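A short write-up of the structure that comes next.
In what follows, every chain begins at residue 1, and chains take the letters A, B, ... in the order their sequences are listed. What you are looking at is a predicted structure, and each value in this text was computed from that prediction instead of being measured.
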Amino acid sequence: MAAELLGWYDRMARAMPWRVPPAERLRGARPDPYHVWLSEVMLQQTTVAAVKGYFERFVARWPRVSDLAAAPDAEVMAAWAGLGYYARARNLLRCARVVAQELDGRFPETEAALRALPGVGPYTAAAIAAIAFDRPATVLDGNVERVIARLRAVEEPLPGAKERLRALAAEITPRERPGDYAQAIMDLGATICTPRAPACGLCPWRADCAARALGIAAELPRKAAKAAKPTRLGIAYLALRPDGTVLVERRPEKGLLGGMLGLPGGAWGAEAVAAPPFAADWRDLGVEARHTFTHFHLRLRLMGARVPAVTPGDFRPRDGLAEAMPTVMRKALALGLGAMG
DNA sequence: TAAACGTGGAC
DNA sequence: TGTCCAAGTTT
């Protein structure tokens, strides 16, 4: 089983900035564990295409884990802005500081020790152990779940079937080349064994695939129905000083967009109600930023005011400001500035 | 166990 | 426009 997949990977492996190609690995080369960890955290629930640019910028700016550990929180959060799931960035910094300060700058090599690091769960621990250290760990991400569910025709829906899939995946994980194998099975899921319209004719496991034999490959894995997304309403306040600077606020560490920069505006809920940051000639800008999060839709009404040069507060230059904010706040800022001329 | 937690691309 | 979903983790 593993041999067929590894043979396919040797020919078809995708090139990625954090990856050592199979030909080089066969000559003994291994990727920098820092690069593996950084890429794996960025790739959590995030597409390869979205991650590439962020990965390149992070590694250019912070070449070693000790450099990242020494970076100010605000700079790392700004560099992460737009990538989403901001708890990852906060945990990334915590983890970098543990590795730099307590582990002499070296990542642990075992799954169990890796699992203890902030932001490193079962998947990421297995991925780092396999890819960076060639330990025979079984990675179980969305790709592997799909590949194994089809290969073994597991009809029980996710997430209930997860542990069964993990056990089945572990049976196939080889002792040889576990790092390449982990990347190979994920590449297979990403390029051949895709969620819709899998390219079974090109699959190195087509002869062994139970779902293909039953003609149900495209129907697996089955998944539990998802809850509908409610709509929440909110207000964002755009205060502009004569020098063009904009009032911003740092959001609390915990919760949605935790630790990120944004426009003031209070909590979002069934009604758009939020006190302005201070008394001013606020006017309704007549525009609304729309954004969809994981579990709700948001409609954010923009209020604007031109305020005196002496107005106190965290006012920032517009240049580069949007880039330091999460996407929903970029939308609100662009919309508000446009409406204020 | 289930909910919270972002974003952008594909269809 | 709406839904799915992508190299998941935390609480």
Side-chain angles (χ1 to χ4, degrees), chain A residues 13-14 16-19 31 35-55 77 80-92 94-95 114-132 137-147 158-160 162-163 166 169 179 181-191 193-197 218 221-232 251-260 262 268 289-298 325-331:
Chain A
R14 295 178 293 170
M16 296 177 191
W18 49 85
R19 180 177 275 183
H35 292 183
V36 176
W37 162 73
L38 180 60
S39 64
E40 290 301 340
V41 173
M42 287 182 166
L43 286 162
Q44 289 166 6
Q45 295 288 286
T46 308
T47 58
V48 168
V51 164
K52 278 182 176 166
Y54 283 87
F55 176 83
M77 298 311 286
W80 194 277
L83 197 56
Y85 283 141
Y86 299 99
R88 293 185 296 172
R90 302 193 299 275
N91 286 329
L92 190 81
R94 289 176 54 206
C95 182
L114 286 160
R115 182 70 184 76
L117 297 170
V120 177
Y123 163 76
T124 304
I128 298 172
I131 298 170
T138 298
V139 296
L140 188 70
D141 73 332
N143 288 305
V144 179
E145 287 175 355
R146 183 170 58 254
V147 169
L158 285 167
K162 187 158 181 166
E163 290 313 312
R166 188 189 307 283
Y181 176 83
Q183 295 173 94
I185 192 169
M186 291 189 285
D187 265 23
L188 185 72
T191 64
C193 196
T194 51
R196 281 176 289 218
R222 302 194 198 287
K223 297 197 175 181
K226 292 178 182 173
K229 288 179 170 55
T231 296
R232 292 187 196 170
R251 299 175 62 87
E253 284 293 308
K254 291 196 172 186
L256 192 70
L257 310 179
M260 298 301 291
W268 307 328
R290 292 187 174 218
H291 191 77
T292 298
F293 293 96
T294 310
H295 53 295
F296 65 94
H297 304 287
L298 177 67
M325 291 181 166
T327 300
V328 61
M329 293 298 171
R330 292 179 184 178
K331 288 183 185 175

For [X], which contact category applies under a 4.0 Å heavy-atom criterion: base, sugar-phosphate, or nothing?
| X | answer |
| --- | --- |
| A/Val120 | sugar-phosphate |
| A/Val144 | nothing |
| A/Arg90 | nothing |
| A/Gly255 | sugar-phosphate |
| A/Thr327 | sugar-phosphate |

message: Is the distance from the ring center of A/His291 to that of A/Phe293 below 6.0 Å?
response: yes
query: Which sits closer to the 5' end of DNA chain B, A/Phe296 or A/Arg330, going by the nucleotide each is nearest to?
result: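 Residue closer to the 5' terminus by nearest nucleotide: A/Phe296.
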Which whole number of Å gives the distance between the [atom1] atom of [N] and that of [M]?
| N | M | atom1 | result |
| --- | --- | --- | --- |
| B/dG8 | C/dT9 | P | 22 Å |
| C/dC4 | B/dA3 | P | 16 Å |
| B/dT1 | C/dA6 | P | 22 Å |
| B/dC11 | C/dA7 | P | 15 Å |

Distance check: side-chain N/O of [X] vs OP1/OP2 of [N], anything under 4.0 Å?
| X | N | answer |
| --- | --- | --- |
| A/Gln45 | C/dG8 | yes |
| A/Arg146 | C/dC5 | no |
| A/Thr46 | C/dA7 | no |

I need the [atom1]-[atom2] distance between [X] and [N], as an integer number of Å.
| X | N | atom1 | atom2 | answer |
| --- | --- | --- | --- | --- |
| A/Tyr123 | C/dA7 | OH | P | 9 Å |
| A/Ile185 | C/dA7 | CD1 | P | 12 Å |
| A/Arg196 | C/dC4 | CZ | P | 10 Å |
| A/Leu92 | C/dG8 | CG | C1' | 14 Å |
| A/Lys162 | C/dG8 | NZ | P | 9 Å |
| A/Glu163 | C/dG8 | CD | C1' | 14 Å |
| A/Lys229 | C/dT1 | NZ | C1' | 13 Å |
| A/Leu256 | C/dT9 | CG | P | 20 Å |

How many angstroms lie between atom [atom1] of [X] and atom [atom2] of [Y], to the nearest 0.5 angstrom?
| X | Y | atom1 | atom2 | result |
| --- | --- | --- | --- | --- |
| A/Leu83 | A/Gln45 | CG | CD | 12.0 Å |
| A/Thr194 | A/Arg146 | OG1 | CZ | 7.0 Å |
| A/Arg115 | A/Ile128 | CZ | CD1 | 11.5 Å |

Residue A/Gln44, side-chain atoms from C-beta onward, closest of C/dT9, C/dA6, C/dA7: C/dT9
query: Quick one: which of C/dC5, C/dT9, C/dA7 gets closest to the side chain of A/Lys226?
result: C/dC5
query: What residues, two or more places apart in sequence or in another chain, satisfy side-chain hydrogen bond (donor to acceptor under 3.5 Å, both in side chains) together with A/Thr292?
result: A/His297
message: Please enumerate all residues that pass side-chain hydrogen bond (donor to acceptor under 3.5 Å, both in side chains) together with A/His35, with sequence neighbours excluded.
response: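 For A/His35, no residue satisfies side-chain hydrogen bond (donor to acceptor under 3.5 Å, both in side chains) once neighbours in sequence are set aside.
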query: Nucleotide range of DNA chain B contacted by chain A, 5' to 3', under 4.0 Å to a heavy atom?
result: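 Reading along DNA chain B, I get B/dA4 to B/dG8.
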- prompt: Do the side chains of A/Trp37 and A/Leu117 get nearer than 4.5 Å, heavy atoms only?
  reply: no
State, without any angle test, whether [X] and [Y] hold a side-chain donor-acceptor pair at a distance under 3.5 Å.
| X | Y | result |
| --- | --- | --- |
| A/Asn91 | A/Arg94 | yes |
| A/Arg19 | A/Gln183 | yes |
| A/Tyr123 | A/Glu40 | yes |

task: Just jot down the salt bridge (Lys or Arg N to Asp or Glu O under 4.0 Å) partners of A/Arg14, sequence neighbours excluded, or say none.
output: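 So A/Arg14 forms a salt bridge (Lys or Arg N to Asp or Glu O under 4.0 Å) with A/Asp187.
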task: Runs of at least three consecutive Watson-Crick or G-U pairs, both distances under 3.5 Å, are what I'm after; which ones involve DNA chain C?
output: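 Consecutive-pair runs (3 or more) involving DNA chain C: B:2-5 with C:8-11, B:7-11 with C:2-6.
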field: Proximity to DNA chain B (any heavy atom under 4.0 Å), residues of residues 81-89 of chain A only
entry: A/Gly82, A/Leu83, A/Gly84, A/Tyr85, A/Tyr86
field: Residue mapping more 5' on DNA chain C - nearest nucleotide basis, A/Met16 or A/Leu117
entry: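 This one resolves to A/Met16.
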